[in-house]
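Note that the structure is predicted; figures quoted are calculated from it, not measured.
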Amino acid sequence: MSHVLELAIFTVKPEHLAQMPRLRDGLRETLKAFPGLIEYRGYSPMNNERTFVDLAKWQSYEYAAAVAKAFNEGDPRFADYMDAIESLTFMNHFLPE
C-alpha cells in the first residue's frame, strides 16, 4: 500500500509545554475525523527544549493536503493546537522509495 508521510517540526510557546499531552490527544482525535489517516505520532523533546515533531501517515497526498489546508486556513478544530505553536520550523510531505 502506498502512502504519504507528513513531517512537522515546531516550537511550542513556553506557557503551553505542560498542556502538550492533552493538546496532542485533541489533535489525534481531530485528525481521525479526516479521511485517509493511517497513523499519527507525536514526538517530544528529550530535554527541556520546546521543539516537538508530529509525524502523520496518510493514504494519499490529497488526504494530507486537505488536512494541511484546513490547518493553514484556521479550521477551528485546530485552534487550541495552533495557539500553542510559537513557530513552525519545517513542514513537508514525503513519498516512500
Exercise. Yes or no on side chain to side chain contact (heavy atoms under 4.5 Å, CB included) for Val12 and Met20, after CA distance, side-chain angles and deciding distance?
Worked result: CA-CA 9 Å; Val12 171; Met20 282 306 290; 3.8 Å; yes

For this session: Take Ile85 and Phe78, measure what side chain to side chain contact (heavy atoms under 4.5 Å, CB included) needs, and give me the verdict at the end.
Result: CA-CA 11 Å; Ile85 296 174; Phe78 296 109; over 6 Å; no

Exercise. Tyr81 and Asp83: side chain to side chain contact (heavy atoms under 4.5 Å, CB included), yes or no, with the steps?
Worked result: CA-CA 5 Å; Tyr81 205 72; Asp83 187 51; over 6 Å; no

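Within the 4.5 Å cutoff, the side chain of Val4 has no heavy atoms near those of the Tyr63 side chain. Looking only at side-chain heavy atoms (C-beta outward), Glu39 and His3 stay at 4.5 Å or farther from each other. A heavy-atom distance below 4.5 Å is found between the side chains of Arg77 and Phe34. Looking only at side-chain heavy atoms (C-beta outward), Thr11 and Ser87 come within less than 4.5 Å of each other. Using a 4.5 Å cut-off on side-chain heavy atoms (C-beta onward), His93 and Leu5 make no contact. Using a 4.5 Å cut-off on side-chain heavy atoms (C-beta onward), Trp58 and Ile38 make no contact. Side-chain contact between Leu27 and Tyr40 is present, with at least one heavy-atom pair separated by less than 4.5 Å.
Phe94 and Tyr43 fall within the same hydrophobic cluster, where Ile, Leu, Val, Met, Phe, Trp and Tyr residues are linked whenever their side-chain heavy atoms come under 4.5 Å apart, directly or through other members. With hydrophobic clusters built from ILVMFWY side chains whose heavy atoms lie under 4.5 angstrom apart, Leu37 shares a cluster with Phe71. With hydrophobic clusters built from ILVMFWY side chains whose heavy atoms lie under 4.5 angstrom apart, Leu88 does not share a cluster with Phe90. Val67 and Met82 fall within the same hydrophobic cluster, where Ile, Leu, Val, Met, Phe, Trp and Tyr residues are linked whenever their side-chain heavy atoms come under 4.5 Å apart, directly or through other members.
Under a 4.0 Å N-O distance rule, the pair Arg22/Asp25 does not qualify as a salt bridge. No salt bridge links Lys69 with Asp75; every basic N to acidic carboxylate O contact stays at or beyond 4.0 Å. A salt bridge links Asp54 with Arg24: the closest approach of a Lys/Arg side-chain nitrogen to an acidic carboxylate oxygen falls below 4.0 angstrom.
Ring planes of Phe10 and Phe52: parallel class, angle under 30° (limits at 30 and 60°).
Minimum heavy-atom separation, Ala8 to Met91: CB-CG, 4.0 Å. In this structure, Glu86 and Arg50 approach most closely via the heavy-atom pair OE1-NH1, 3.1 Å.
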